K.L.:
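Quick one: structure below, then a few questions.
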Amino acid sequence: MRLTASAFEALVARALDELPPWVQEALDNVAVTVAPWPSREQLRSVGVRRGRLLLGLYEGVPMTHRGRGYTMVSPDRISLFQGPLELVARGPDDLVRLVQDTVVHEIAHHFGFSDEEIEALQRR
């Protein structure tokens, strides 16, 4: 399944719009972007090995690590990668769910949650 870049961006925008208001209000100094694929540097930065896929990536300073000196800082970035998400999706409905799940996962990192903590919450 392959969407146009604008259709995929609309899916991401919808996922952001559907977040609870308290989450939307709590986001601070973060930009959400869409890219066709992660760069080699992005893959390397999180240790993704050859043959593995990266669906999304949070790059920045989690809110739990920001101190009084956190001023005049470029926005954190949440990237969603269209190619890998489309490869994993089993159809249009699954792609919507994957985009939503990836948005939530990366926002959790922005709030300071580790992968292990996110996985523990998902098992509940």
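Quick caveat: nothing in here was measured; it's all calculated off a predicted structure.
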K.L.:
Other than Leu43, which residues form its hydrophobic cluster under the rule that side-chain heavy atoms must be closer than 4.5 Å?
P.N.:
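Answer for Leu43: Val46, Val48, Leu54, Leu57, Phe81.
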K.L.:
So which of Thr71, Asp76, Asn29 actually passes side-chain hydrogen bond (donor to acceptor under 3.5 Å, both in side chains) with Arg66?
P.N.:
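The single option meeting the side-chain hydrogen bond (donor to acceptor under 3.5 Å, both in side chains) with Arg66 is Asp76.
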K.L.:
Could you tell me whether Asp93 and Arg97 make a salt bridge, using a distance below 4.0 angstrom between a side-chain N and a carboxylate O?
P.N.:
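Salt bridge flag = no for Arg97 with Asp93.
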K.L.:
Could you go through Ile78 and Val30, starting from their C-alpha distance and side-chain angles, then the distance that decides it, and tell me whether this counts as side-chain contact (heavy atoms from CB on, under 4.5 Å)?
P.N.:
CA-CA 7 Å; Ile78 291 173; Val30 62; 3.9 Å; yes
K.L.:
Quick one: closest heavy-atom pair of Gln42 and Ser79, and the distance?
P.N.:
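Residues Gln42 and Ser79, closest heavy atoms: NE2-OG, 3.9 Å.
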K.L.:
Give the intermediate values and the outcome of side-chain contact (heavy atoms from CB on, under 4.5 Å) for residues Leu53 and Val88.
P.N.:
CA-CA 9 Å; Leu53 295 173; Val88 173; 3.7 Å; yes
K.L.:
Return the set of residues passing side chain to side chain contact (heavy atoms under 4.5 Å, CB included) with Thr4 (not counting sequence neighbours), or none when no residue passes.
P.N.:
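So Thr4 forms a side chain to side chain contact (heavy atoms under 4.5 Å, CB included) with Ser6, Ala7.
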K.L.:
Check whether any side-chain heavy atom of Ile107 lies under 4.5 Å from a side-chain heavy atom of Leu27, and answer yes or no.
P.N.:
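A side-chain contact under 4.5 Å exists here.
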K.L.:
Got a donor-acceptor contact below 3.5 angstrom from the Glu117 side chain to the Ser114 backbone?
P.N.:
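Looks like yes, one N/O pair under 3.5 Å.
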K.L.:
Give me the atom names and distance for the closest heavy-atom approach of Ala31 to Pro75.
P.N.:
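The pair with the smallest heavy-atom distance is N-CB, 4.3 Å.
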K.L.:
With a 4.5 Å cut-off on side-chain heavy atoms, are Val32 and Val103 touching?
P.N.:
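A side-chain contact is absent here, since even the closest heavy-atom pair is not under 4.5 Å.
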K.L.:
Sub-3.5 Å donor-acceptor pair from the side chain of Gln24 to the main-chain atoms of Leu16, do we have one?
P.N.:
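Yes.
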K.L.:
Do side-chain atoms of Glu25 reach the backbone of Trp22 as a donor and acceptor pair under 3.5 angstrom?
P.N.:
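Not a single qualifying donor-acceptor pair exists.
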K.L.:
Can you list every ring pair (Phe, Tyr, Trp, His ring centres under 6.0 Å) pair that touches residues 91-114, not counting sequence neighbours?
P.N.:
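Sorted pair list: Tyr58-His110, His105-His109.
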K.L.:
Counting only heavy atoms not in Arg14, do more than 12 sit closer than 6.0 Å to its CZ atom?
P.N.:
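Not more than 12 within 6.0 Å, no.
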K.L.:
Indicate yes or no: at least one non-hydrogen side-chain atom of Pro38 is less than 4.5 angstrom from one of Pro84.
P.N.:
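In contact.
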K.L.:
Leu80 and Trp37: same hydrophobic cluster, using ILVMFWY side-chain contacts below 4.5 Å?
P.N.:
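In one cluster: yes.
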K.L.:
Between CD1 of Ile118 and CG of Asp101, what distance do you get to the nearest 0.5 Å?
P.N.:
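Rounded to the nearest 0.5 Å, the CD1-CG separation comes out at 11.5 Å.
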K.L.:
Could you state whether Val104 and Val23 fall into the same hydrophobic cluster, counting links through intermediate Ile, Leu, Val, Met, Phe, Trp or Tyr residues with side-chain heavy atoms under 4.5 angstrom apart?
P.N.:
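The answer is yes; both residues are in one hydrophobic cluster.
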K.L.:
How long is the straight-line distance from CD of Glu9 back to CD of Gln82, given to the nearest 0.5 Å?
P.N.:
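The distance works out to 8.0 Å.
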K.L.:
Answer yes or no: is there a donor N or O on one side and an acceptor on the other, between the side chain of Glu86 and the main chain of Leu3, under 3.5 Å?
P.N.:
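Answer holds: yes.
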K.L.:
Out of curiosity, Thr102 OG1 to Leu55 CG, how far, rounded to the nearest 0.5 Å?
P.N.:
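Reported value, rounded in 0.5 Å steps: 5.0 Å.
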